[in-house]
Amino acid sequence: MTMNLQRRKVALVGAGAALVLGLPLAVGHSAAGAPKPTPPEDGPTQIVRVETPTRADRNKVADLGLDLAGTVGVDSIDVIVETSADRAALARAGFSGQVVVKDVKAAERERVAADKAYAAAKPGGSTLPSRRTAYRTLADYGTEMAALAASYPTQARMLTLNHDSLEGRDVQGIEISNGVNASDDGKPTYLLLGVHHAREWPSAELVTEFAYDLLQNAATTRIQNILDSVRVLIVPVVNPDGFQVSRGGAYELKRKNCRLTDGQFPADGACALRANRALGTDPNRNYGALWNGPGASPFPTDETYFGAGPFSEPETQNIRELISSRQVVTMISNHTYSALVLRPPGWNGAETPADDALMTSLGDQMAAQMSYQSIRGYELYNTSGTTEDWSYTATGGLGFTFEHGTQGFHPQFATGVVGPYSGGTRKMPGGGVREAFLIAAESSANAARHSVIEGTATPGVTLRLTKTFQTEPWNPALAFPDTLESTLVVPASGAWTWHVNPSTRPAVTAAGGTETWTLTCENPAGTVLDTQQVTVARGGTATENLAC
Ligand code: 0X9
Ligand code: ZN
C-alpha cells in the first residue's frame with residue numbers, strides 16, 4: 001500500500017481501514033470530528049505495522065507519543081498499541097496499519113515455549129562462542145564476565161562504571177586487549193554497548209558473545225592482531241534496572257530506566273509496579289547533544305522522555321564518563337529491531353558530519369555483513385540526545401547504532417541471537433554480527449581513521465590529554481561545558497605512541513576551524529612538568545617531545 005497521506009486519511013473512516021487497525025468504526029468517526037464515544041474495553045496489547053512511505057510520515061508517527069517498536073524496512077513502523085487511545089491517536093493522524101502481533105503477551109508465551117524447546121533440542125549447546133541456548137538473566141552477565149576475566153587474566157578484566165543504577169546496581173562491563181592490565185597504554189579504544197533499552201535483550205547477548213569470541217580465538221592471526229592493537233570495551237547492559245523489569249518478567253515491554261520522578265530515586269520495587277509502567281527517562285534521548293530537540297518527548301509518560309536535563313541519568317553519565325576518559329575511536333550502541341546500521345546525525349536539520357564519507361563507508365561495510373540497511377539516523381526518524389550523536393559531536397569518535405533483527409525486541413533465541421551472531425543463514429548470508437564487529441575492531445586499529453600523538457619522555461611519567469568545550473542542547477543558550485580527559489603512562493622504552501581522536505571536533509572542522517588538545521606531563525607526585533598544545537587532524541600524526 002503506497003497511498004499518500006491524504007488518501008489514507010480518507011480511507012481510514014471507511015470500514016476496511018478501521019478493520020485493519022482493529023478499530024470499532026466509531027473511533028474512525030471520532031477522528032473525523034464527531035464527539036468521542038466511550039472508549040471500548042481495551043483488549044490485548046498489539047503491534048501494528050503502520051505504513052510510513054515517507055520520512056515525513058515516520059516523523060509524524062514518531063511525534064504521536066506512541067511506543068515505537070521498530071521497522072521492517074523503513075517504509076513502515078511497528079507501533080505498540082496498548083489502549084484504544086493509542087489506536088485513536090493513530091487514526092486521528094490519518095495512519096493505517098496492519099496488526100502483526102495480535103496479542104503481545106501470548107506471543108511472549110510462545111517465545112518462551114519455543115526457546116525451551118530449542119534449548120532441549122541442543123544439549124550440546126548452540127553454535128555461539130559461549131554455546132548458550134537461552135537468553136541470559138541480569139545475574140548471568142555479571143557472573144559470566146567475571147568468569148571470563150578470571151580465565152583470561154592477561155587479556156580481560158572487569159570494568160565497573162562510575163555510577164550505580166538508580167536501584168543501586170553496579171553497571172559492569174569487560175575490557176579486552178592483550179596486556180589488558182597495562183592500562184593507559186595508548187591503544188585506540190573500541191566500545192560496544194547493549195541494552196540502553198530494557199526490552200532489547202539481543203543487544204546484550206551479541207556483544208557478550210563477541211567477548212567470548214575474542215578471548216577464545218585470541219590466538220588466531222586476525223584476532224591476535226586486533227587484541228595487540230586495540231582495547232575493546234564491552235558494556236552489555238547499560239540499563240540494568242530496566243533490564244531487570246523486562247527480563248525478570250514484571251513488564252516485558254519496559255524500555256526506559258527507573259527514574260519514576262525527576263531527581264528522585266525510585267522506592268523499592270516501585271519500578272516494577274503496573275502503575276509505573278509508563279514512567280522513566282529514555283536513556284537514548286538523555287545525552288547532551290541537541291538534548292530536548294526533535295524526536296524526544298517532554299512528557300515522563302512517553303517512551304522517548306528526554307529527562308530532567310542533559311545527562312540527568314546514571315546510565316548516560318556512565319557512558320559519558322567512559323567515553324570522555326578513554327580515546328574511544330569507534331562506538332557501536334546496539335539495539336533491536338529494524339535491521340539497520342545508523343550513523344549520525346539523528347536530526348535532519350543537522351549539518352552533514354565532517355566524517356560522513358568515512359562513516360558511510362564503514363557503516364555500509366558492516367551492514368552488508370548483516371544484510372541490514374545502512375542509513376543516517378534521521379532517515380529512520382528524527383531523534384535527539386542519542387548516544388552516537390553526542391559521542392561523535394564531542395569526541396569525533398565514529399559512532400553507530402545497530403538495530404538488530406526484524407522480528408521483535410527479543411525474538412526466539414535461535415533467530416534473534418544464534419543465527420545473526422555468525423551469519424551464513426538464508427536471511428543473513430554474510431558473516432553476521434560477528435563480522436561487522438570485527439570490521440569495526442579492525443577499523444579502530446587503522447590510524448588513518450583516527451590520530452596519533454607520539455614522542456619520548458621519561459619512563460613512568462603520566463601524560464594527560466584534555467579538552468574542554470561547550471556541548472549544545474537543542475536550546476544553544478543552555479550550552480554546558482564538556483571535558484575530555486585521558487592519560488597514558490610512558491613505557492620503559494621512553495618512546496610513547498598515543499592513538500587518539502582528532503584534536504579538532506567535527507563541528508569545529510565543519511566550521512573551518514581547528515582545535516587543540518592540551519597535553520601535559522606529570523611526575524608520579526602529580527606535579528605538572530610540561531604543557532603543550534597539540535593540533536592533529538584525522539589520519540595525522542603529531543610528534544611531541546615533552547620536557548619531562
Ligand atoms: O529510537 C531509538 O532510540 C532507536 N530505536 S529503538 O527502537 N531501539 O528505540 C533509534 C536511535 C537512532 N539513533 C539516531 N537516529 N541517531
Ligand atoms: Zn533501542
Side-chain angles (χ1 to χ4, degrees), residues 47 49-50 52 55 58-59 61-72 74 76-80 193-204 206-207 236-239 242-243 246 253-257 280-291 293-297 302-307 313 315-316 319 331-350 352-353 356 359 363 372-393 398-411 416:
I47 295 187
R49 188 155 297 165
V50 178
T52 51
R55 184 142 54 83
R58 292 193 289 282
N59 282 325
V61 172
D63 286 343
L64 291 175
L66 300 175
D67 189 1
L68 304 186
T71 64
V72 179
V74 294
S76 64
I77 295 188
D78 289 358
V79 178
I80 299 173
L193 303 173
V195 179
H196 269 77
H197 292 141
R199 58 198 175 190
E200 300 174 5
W201 310 349
S203 66
L206 294 165
V207 299
V237 184
V238 170
N239 173 11
F243 182 69
S246 175
L253 285 180
K254 174 81 182 169
R255 165 182 169 98
K256 300 184 289 178
N257 77 351
T281 292
D282 184 353
N284 207 28
R285 297 294 183 278
N286 190 245
Y287 287 82
L290 289 188
W291 176 83
S297 170
D302 278 353
E303 294 295 343
T304 56
Y305 176 48
F306 50 58
E313 305 308 306
E315 294 82 7
T316 54
I319 303 308
M331 187 285 300
I332 300 172
S333 182
N334 292 274
H335 291 249
T336 58
Y337 61 95
S338 291
L340 294 171
V341 168
L342 300 169
R343 60 185 185 274
W347 172 52
N348 68 319
T352 300
D356 186 60
M359 286 192 285
Y372 292 175
Q373 280 187 71
S374 167
I375 60 175
R376 297 184 185 91
Y378 70 78
E379 295 179 83
L380 174 57
Y381 45 73
N382 279 328
T383 56
S384 55
T386 62
T387 315
E388 73 275 19
D389 272 8
W390 171 77
S391 66
Y392 174 69
T393 309
L398 309 181
F400 298 88
T401 285
F402 283 9
E403 292 279 0
H404 295 285
T406 55
Q407 296 179 60
F409 297 116
H410 43 266

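If you're wondering where the values come from, they're calculated on a predicted model, not measured in any experiment. Just follow the structure's listing: the first ligand is 1, and inside any ligand the first atom is 1.
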Chemist: Where on H196 is there a heavy atom closer than 4.0 Å to ligand 1, on the side chain, on the backbone, on both, or on neither?
Modeler: neither
Chemist: At what distance is the nearest protein heavy atom to atom 11 (C) of ligand 1, and which residue and atom is it?
Modeler: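 Checked against all protein heavy atoms, atom 11 (C) of ligand 1 sits closest to N284 ND2, 3.6 Å.
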Chemist: Looking at ligand 1, does P345 have a heavy atom less than 4.0 Å from it?
Modeler: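 No heavy atom of P345 comes that close to ligand 1.
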Chemist: Quick one: does Y381's side chain get under 4.5 Å of V61's, heavy atoms only?
Modeler: no
Chemist: Give yes or no for whether the N/O distance cutoff of 3.5 Å, strictly under, is met between H197 and ligand 1.
Modeler: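 Yes; the residue has a nitrogen or oxygen that sits under 3.5 Å from a nitrogen or oxygen of the ligand.
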Chemist: Please state which option from R285, R343, E200 has its nearest heavy atom closest to atom 1 (O) of ligand 1.
Modeler: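 The nearest heavy atom belongs to R285.
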Chemist: If you consider just the N/O/S atoms, which atom of H197 is the closest one to the Zn ion (ligand 2)?
Modeler: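 Looking at H197, the N, O or S atom with the least distance to the Zn ion (ligand 2) is ND1.
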Chemist: Taking all non-hydrogen atoms of both residues into account, name the closest pair between G405 and Y372 and its distance.
Modeler: N-OH, 3.2 Å
Chemist: If I apply the N/O under 3.5 Å rule, does D282 come out as touching ligand 1?
Modeler: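 Between D282 and ligand 1, no N or O pair is found under 3.5 Å apart.
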Chemist: Of all the atoms in E200, is at least one N, O or S atom closer to the Zn ion (ligand 2) than 2.8 Å?
Modeler: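 It does: E200 brings an N, O or S atom closer than 2.8 Å to the Zn ion (ligand 2).
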Chemist: So which atom in N59 and which in N382 form the shortest heavy-atom distance, rounded to 0.1 Å?
Modeler: OD1-N, 2.6 Å
Chemist: With the side chain counted from C-beta on, respond yes when I319 and V238 share a heavy-atom pair under 4.5 Å apart, and no when they do not.
Modeler: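 Contact flag for I319/V238 side chains = yes.
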Chemist: Can a side-chain donor-acceptor contact be found between N239 and N257 if the only test is distance below 3.5 angstrom?
Modeler: no
Chemist: Look at atom 7 (O) of ligand 1 and find which of A62, A69, S338, S333 reaches it with the closest heavy atom.
Modeler: A69
Chemist: Is the shortest side-chain heavy-atom distance between L398 and R343 below 4.5 Å?
Modeler: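 Contact flag for L398/R343 side chains = no.
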Chemist: Name whichever N, O or S atom of H335 ends up nearest to the Zn ion (ligand 2).
Modeler: ND1
Chemist: Any idea which atoms of ligand 1 are less than 4.0 Å away from a heavy-atom of G346?
Modeler: 15 (N), 16 (N)
Chemist: Charged N to carboxylate O under 4.0 angstrom, R199 versus D67?
Modeler: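 Counted as a salt bridge, because a side-chain N and a carboxylate O are separated by less than 4.0 Å.
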Chemist: Do T387 and T401 make a side-chain contact, defined as non-hydrogen atoms from C-beta onward lying under 4.5 Å apart?
Modeler: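 The answer is no, as the side chains (C-beta and beyond) never meet within the 4.5 Å cut-off.
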Chemist: Any idea which protein heavy atom is nearest atom 16 (N) of ligand 1, and the distance to it?
Modeler: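 The closest heavy atom on the protein side is E388 OE2, 2.8 Å.
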Chemist: For atom 12 (C) of ligand 1, which candidate among D67, T336, T386, L342 holds the nearest heavy atom?
Modeler: L342
Chemist: What protein heavy atom sits nearest atom 4 (C) of ligand 1, and how far away is it?
Modeler: E403 OE2, 3.0 Å
Chemist: Taking C-beta and beyond as the side chain, do R285 and T383 meet within less than 4.5 Å on heavy atoms?
Modeler: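 Touching, per the 4.5 Å side-chain cut-off.
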Chemist: Only heavy atoms count here, so choose which of T383, D78, L380 is nearest to atom 15 (N) of ligand 1.
Modeler: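 Among T383, D78, L380, the closest heavy atom to atom 15 (N) of ligand 1 belongs to T383.
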Chemist: Does ligand 1 have an atom under 4.0 Å from some heavy atom of W347?
Modeler: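 Heavy atoms of W347 never come under 4.0 Å of ligand 1.
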Chemist: Distance under 4.0 Å to a non-hydrogen atom of H335: what atoms of ligand 1 satisfy this?
Modeler: 8 (N)
Chemist: Under 4.0 angstrom from ligand 1, any heavy atom of R255?
Modeler: yes
Chemist: Considering distance alone, does some N or O of Y378 sit under 3.5 Å from an N or O of ligand 1?
Modeler: no
Chemist: Can a donor-acceptor pair be found between the side chains of N284 and H197 at a distance below 3.5 Å?
Modeler: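 No.
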Chemist: Quick one: which of K254, K256, R255 gives a salt bridge (charged side-chain N to carboxylate O under 4.0 Å, His left out) with D282?
Modeler: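 Among the candidates, only R255 passes.
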Chemist: E313 versus P283: any side-chain heavy-atom pair under 4.5 Å?
Modeler: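 They are not in side-chain contact.
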